[in-house]
Structures are given as structure tokens and as C-alpha cells.
Amino acid sequence: MQSHEVLREVYDQANVKQIAADLGLSLSLIYKWAEPTDELGSGTANPLDRIAGLIKSTGDERIVQWICQQAGGFFIINPKGLWPHPLMLVPATNRIVQEFADLL
């Protein structure tokens with residue numbers, strides 16, 4: 001999912017006028033953030049795109065950690081697996097999960 005699509009979904013659940021007032025920005029700018037920024041779209045770079053660019057440019061995960069803290073959570077980097085996962089584990093895992101579900 002792209003950033004403008006995330007914002008569009010958030011706007012469906014939120015009061016966009018209140019967002020604009022809280023941020024001290026125009027309503028039109030808030031709506032432009034929910035439009036694609038490619039040649040066909042008339043959107044503008046939104047805060048999500050800018051944060052992603054900042055993280056990519058700096059390579060510093062503290063930015064993500066701070067955002068997660070603001071949302072009441074925390075950030076954990078996915079571990080890099082050095083071993084391949086055998087395909088036979090998928091059906092076995094499904095069986096175990098199903099057996100546990102049946103037990104409940």
C-alpha cells in the first residue's frame with residue numbers, strides 16, 4: 001500500500017477539517033497528501049513519504065523508534081535469517097495451528 005492510500009483510508013475514519021486545524025494547514029493540502037504524486041496525480045509529497053525519505057537518507061532507525069513511541073509502541077527490526085526455511089515446514093505449521101485451534 002502506498003502512503004497516499006494509507007492517508008485516504010485514515011481520512012475516511014477521521015475529521016479532515018479537524019486535522020487541518022490541529023496542524024495549522026490548509027484543508028486542500030491535507031487532501032493533496034491523499035493523492036498520488038506521479039505524473040497522473042496532482043498530489044504533493046506527504047509526511048509519510050518525507051519520513052521514509054529521511055530514514056532512507058540517514059539510515060538511522062531512531063526516527064522510526066521515536067514515531068513508534070509517539071503511537072504508544074516500539075520498533076523492532078526484523079531479524080535476518082541466515083538459514084533457508086524448508087518448504088515442508090509450511091504444511092506442518094498449518095497442521096499444528098489447526099490442531100491447536102481444534103483443541104480450543
Side-chain angles (χ1 to χ4, degrees):
M1 181 178 287
Q2 295 187 8
S3 63
H4 69 276
E5 295 169 327
V6 172
L7 290 174
R8 189 176 313 131
E9 287 184 8
V10 168
Y11 293 172
D12 288 342
Q13 306 282 319
N15 182 339
V16 182
K17 288 182 181 179
Q18 187 63 48
I19 293 170
D22 290 345
L23 297 178
L25 300 170
S26 71
L27 190 58
S28 64
L29 177 61
I30 301 297
Y31 278 118
K32 284 213 178 274
W33 287 347
E35 296 175 8
T37 56
D38 58 15
E39 302 104 30
L40 302 175
S42 61
T44 184
N46 63 53
L48 300 179
D49 290 332
R50 290 176 181 248
I51 290 170
L54 184 59
I55 293 165
K56 187 175 181 179
S57 175
T58 63
D60 197 328
E61 70 184 44
R62 289 178 293 180
I63 298 165
V64 180
Q65 290 172 347
W66 184 85
I67 291 169
C68 291
Q69 285 176 340
Q70 298 304 304
F74 55 91
F75 174 69
I76 298 175
I77 294 177
N78 290 333
K80 302 242 188 276
L82 302 176
W83 57 92
H85 294 282
L87 292 178
M88 67 182 178
L89 289 180
V90 174
T93 303
N94 289 340
R95 262 193 319 277
I96 293 169
V97 170
Q98 186 60 52
E99 287 176 15
F100 183 71
D102 293 341
L103 181 66
L104 291 177

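Just so it is clear, the structure is predicted and the values come from calculations on it, not from any experiment. For reference, positions follow the sequence shown, starting with 1.
Residues satisfying the salt bridge (Lys or Arg N to Asp or Glu O under 4.0 Å) test with Arg62, not counting sequence neighbours, are Asp60. Taking Ile63 as the reference, Ile51, Leu54, Ile55, Thr58, Ile67 meet the side chain to side chain contact (heavy atoms under 4.5 Å, CB included) condition, with sequence neighbours excluded. For Asp102, the side chain to side chain contact (heavy atoms under 4.5 Å, CB included) criterion is met by Gln98, not counting sequence neighbours.
The CG atom of Asn46 lies 11.0 Å from the CD atom of Glu35; values are rounded to the nearest 0.5 Å. From Thr44, atom OG1 reaches atom CG of Asp49 across 9.5 Å, with rounding to the nearest 0.5 Å.
Criterion: ILVMFWY side-chain heavy atoms under 4.5 Å apart, direct or through other members. Under it, Val64 and Phe74 are not part of a common hydrophobic cluster.
Counting only residues at least two apart or in different chains, side-chain hydrogen bond (donor to acceptor under 3.5 Å, both in side chains) contacts with residues 16-28 comprise Gln18-Asp22, Ser26-Ser28. Listed by first and then second residue, the side-chain hydrogen bond (donor to acceptor under 3.5 Å, both in side chains) pairs involving residues 63-76 are Glu61-Gln65 (not counting sequence neighbours).
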Hey, can you pull the donor-acceptor pairs under 3.5 Å for the side chains in residues 6-13, sequence neighbours left out?
unit_1 : atom_1 : unit_2 : atom_2 : d
Arg8   : NH2    : Ala34  : O      : 3.1
Tyr11  : OH     : Ile30  : O      : 2.8

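Using a 4.5 Å heavy-atom threshold, the side chains of Trp33 and Ile19 count as separate.
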